[in-house]
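Here the structure comes first, spelled out in structure tokens, and everything after it is commentary.
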Amino acid sequence: MKQSSYRIRNSFLSNIHFRFLILFFLGATGANLSAAPILPSADVIRLTPSSPVENISSKMEYRYRGYQFRHCKPETISSLHQLEWHHNTGNVLRLKRSQSGNWLRFRLANDGKEQLHRTLALLWLNVPDAELCSVDSKGNFEAGFAGYDLDPIWNDFISPLPHFNIRLEPKEERTFYLYVLSNEDINYPVRLLSEDDYMVIVRLRSVLFLSVGFVLFLAFGYNLYLYFKSRKILFLALPLHLTAVAATLYFLHGKEFASIVGNENNLFRHNYFLFLGITHIVFFFYLAAWNKENSGVVYRSPFFWLVCFAGILYPLIPLYQFWYDHRILVLVLNYGCMLFYFGKTHISSIRNNTVYEMFFISVWGVFLLLDLYKTIFHFDFYPYNRMAVFGVLYYLPPLTVFVSLLSREILRRKEEEGSNRKTHLSSLDVKDFVLKIESLLEKEKIYLTKSLKEEHMAKELGITIHQLSELINTEFKTNFPSLINQYRVEEAKILLNEFPDENTTEIGAKAGFSSRSAFYLEFKKLTGTNPNSYRKESNGKRA
């Protein structure tokens, strides 16, 4: 026998013995029971004036197909009453959105002797239309509406959570039907709380966003001051990234983007993907600025900028089914490259292992993990979790403060270290020693000495190892091993042409390399080919 959620209200029929008699009679006469299904109704949520805040998600039922009803109307309730409903089992209401809206239902009972007031709150913002309807104990139809323009006091800056005020008479039991037109798959809890408790949530949201905004304002001003003082582009890129993150979080938890620009465009309805793409691109601007300030060359790579602008793949996800179906690939590609280039541009801080720089790396590392956690949730790969949803929002103020202060301190210390290193050469005639180094390399060919070490050349010049290293770093723009190998490879190229029949291993040894593998590795690194191929190409050109 097919079941439904139909509740027989007639007090006489509610007698259990009489119900069994009816079922027996209908079965004996061969009647079609499916024409009048009798099904258990939704779980009853019993309330008293002292009932605490309750998450009612696990006691709600839902319909996701098989109906054509929109909006709250008396005839809609009558039609919905006849349908079969599905029970939500988790502590979070989680189901696929329907383009025509989703219907939910729950049943409340006032076990007290006084009129009871409660507020039903949906703990998510991107719900442009929500309606709650019911029929009270006297048969009167009631409907309430929640949407973008529900509360003009807060709506200018912070949109209210979709909520409804519920009133139950003493000993009243009533079924409520909730219509939700959502821009996203439903994945959030539904709470039943007192009006005072709801106002606490309103105040806490206001304080949170005002606090985050105030911290960002101070940090933006501080970085702007540092930029005008030092003219370092980093102090523009950093607040730009923090502002992009703040905008993303604001339009997720503070105010719906669609309430400003309209709800017609699919990209605006799913604005998280739009802001995620912007944040991705701006983060690479920060990486480039940081790398430049640390004398790196990573930001000069074309592939770095290709990965940077791969952030435009995120806004394609809500626009095209292909990208939505393959969104996990977009996530893995972009976040993998973000982590890779973060490590590559911050490698000097990791190697230095100072307290300031390790704390700086840790602060960024926590942010990247929380941001990834949140993105996985919004890609619908993970159920609602408070840390996934609000972790980045709570972390934004300390991130803003720490990275702003630490960036300035780390760069200041590096500038001081650079100044101190220059004092190692203050007692030397730098130009004279550059000529001496070039003479040792070009005339005396000291690089032909196998296992040549830095201290050998320093001793030959009559200076310390630190002074020699500083000279090579600042004047030749490289380090000692690379400089020596450059000359050895040039020598090997000459020998390969002069002795076409000699074994390449012997050529490498004559050029100063200690092993065949080291010779081939450095030769390929500097010329793009191996010694044998280079010799063939050179002989072919001469022929």
Side-chain angles (χ1 to χ4, degrees), residues 4-7 39 41-47 53-110 116-136 140-148 150-151 159-168 172-195 198 201 256 384:
S4 73
S5 58
Y6 183 74
R7 175 179 291 271
L39 287 170
S41 64
D43 292 345
V44 178
I45 304 167
R46 300 200 169 276
L47 303 171
V53 174
E54 184 175 1
N55 180 357
I56 66 170
S57 304
S58 62
K59 297 179 181 179
M60 300 188 76
E61 295 181 311
Y62 63 90
R63 289 288 304 177
Y64 58 86
R65 61 185 179 186
Y67 62 89
Q68 301 295 325
F69 316 118
R70 293 192 181 193
H71 307 296
C72 281
K73 302 173 185 176
E75 57 270 24
T76 299
I77 291 184
S78 178
S79 300
L80 289 170
H81 193 64
Q82 309 293 328
L83 299 178
E84 181 181 359
W85 290 77
H86 306 272
H87 195 81
N88 183 64
T89 57
N91 290 326
V92 173
L93 189 62
R94 194 177 190 197
L95 62 147
K96 289 287 184 182
R97 68 179 288 271
S98 170
Q99 197 169 8
S100 59
N102 292 80
W103 279 101
L104 310 160
R105 79 170 185 177
F106 58 95
R107 189 165 183 81
L108 301 181
N110 179 9
L116 192 66
H117 295 268
R118 284 291 183 269
T119 298
L120 181 78
L122 282 61
L123 300 187
W124 200 248
L125 267 188
N126 206 8
V127 181
D129 188 15
E131 304 174 18
L132 184 69
C133 47
S134 64
V135 176
D136 66 14
N140 298 318
F141 173 77
E142 292 185 359
F145 303 88
Y148 286 152
L150 181 65
D151 192 340
S159 298
L161 294 170
H163 65 284
F164 304 88
N165 295 321
I166 295 174
R167 185 192 72 255
L168 289 174
E172 181 183 7
E173 187 173 315
R174 196 193 310 180
T175 299
F176 292 85
Y177 293 87
L178 178 63
Y179 174 75
V180 177
L181 182 61
S182 176
N183 283 339
E184 303 170 354
D185 289 342
I186 297 175
N187 187 11
Y188 45 78
V190 178
R191 288 186 183 174
L192 196 64
L193 57 167
S194 69
E195 294 177 359
Y198 177 75
I201 294 177
E256 311 88 340
Y384 183 97

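In this structure, OG in Ser79 is found 10.5 Å from OH in Tyr177, a value given to the nearest 0.5 Å. Taken from CD in Glu54 to CG in Leu193, the straight-line distance is 11.0 Å, to the nearest 0.5 Å. We find the CZ-CD1 distance between Arg118 and Ile56 to be 11.5 Å, quoted to the nearest 0.5 Å. To the nearest 0.5 Å, atoms NE2 (His87) and OH (Tyr62) are separated by 10.0 Å. Rounded to the nearest 0.5 Å, atoms NZ (Lys96) and CG (Asn187) are 10.0 Å apart. To the nearest 0.5 angstrom, Leu122 atom CG is 6.5 Å from Phe164 atom CZ.
Residues forming a ring-ring contact (aromatic ring centres under 6.0 Å, His included) with His117 (at least two apart in sequence, or on another chain): none. With sequence neighbours excluded, no residue forms a side-chain hydrogen bond (donor to acceptor under 3.5 Å, both in side chains) with Arg97. With sequence neighbours excluded, no residue satisfies salt bridge (charged side-chain N to carboxylate O under 4.0 Å, His left out) with Glu195. For Arg174, the side-chain contact (heavy atoms from CB on, under 4.5 Å) partners are Ser134, Asp136, Glu142, Leu168, Glu172, Phe176, not counting sequence neighbours. Partners of Ser58 by side-chain hydrogen bond (donor to acceptor under 3.5 Å, both in side chains), not counting sequence neighbours: none found. Arg191 pairs by the salt bridge (charged side-chain N to carboxylate O under 4.0 Å, His left out) definition with nothing, not counting sequence neighbours.
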> Step by step, would you call Cys133 with Thr76 a side-chain contact (heavy atoms from CB on, under 4.5 Å)?
Replying inline: CA-CA 10 Å; Cys133 47; Thr76 299; 6.0 Å; no

> Can you list the steps and then say if Leu47 with Asn110 is a side-chain contact (heavy atoms from CB on, under 4.5 Å)?
Replying inline: CA-CA 5 Å; Leu47 303 171; Asn110 179 9; 5.5 Å; no

> Going through the distances and angles, do Phe106 and Leu120 end up as a side-chain contact (heavy atoms from CB on, under 4.5 Å)?
Replying inline: CA-CA 11 Å; Phe106 58 95; Leu120 181 78; 3.8 Å; yes

>> If you apply the rule side-chain contact (heavy atoms from CB on, under 4.5 Å), what do you find for Val190 with Leu104, and how did you get there?
In response: CA-CA 11 Å; Val190 178; Leu104 310 160; 5.6 Å; no

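What you find for Pro160 and Tyr198 is that their closest heavy atoms are CB-OH, 3.9 Å. Among all heavy-atom pairs drawn from Ser182 and Ile186, the shortest one is CB-CG1, 4.3 Å. Nearest approach of Asn102 to Ser98, heavy atoms of both residues: OD1-N, 2.9 Å. Across all their heavy atoms, Ser159 and Glu256 have their closest contact at OG-OE1, 2.7 Å. The minimum heavy-atom distance between Ser57 and Pro189, with the atom names listed, is OG-CA, 3.4 Å.
Proximity of a side-chain donor or acceptor of Trp85 to a complementary backbone N or O of Leu80 within less than 3.5 Å is detected. The backbone N or O of Asn55 sits nowhere less than 3.5 Å from a side-chain atom of Asn91 that would complete a donor-acceptor pair. For the pair Asn165 (side chain) and Arg167 (backbone), a donor-acceptor distance under 3.5 Å is absent.
For the pairing with Leu108, the side chain to side chain contact (heavy atoms under 4.5 Å, CB included) check across Thr175, Val44, Ile45 returns one residue only, Ile45. Screening Arg70, His71, Lys73 against Glu131 for a side-chain hydrogen bond (donor to acceptor under 3.5 Å, both in side chains) leaves a single residue, His71.
Under 4.0 Å is where a charged nitrogen must lie from a carboxylate oxygen, and between Glu173 and Arg46 at least one such pair does.
Side-chain contact between Leu181 and Val127 is absent, with no heavy atoms from C-beta onward closer than 4.5 Å. Looking at Glu61 and His86, their side chains never come closer than 4.5 Å, going by heavy atoms from C-beta outward.
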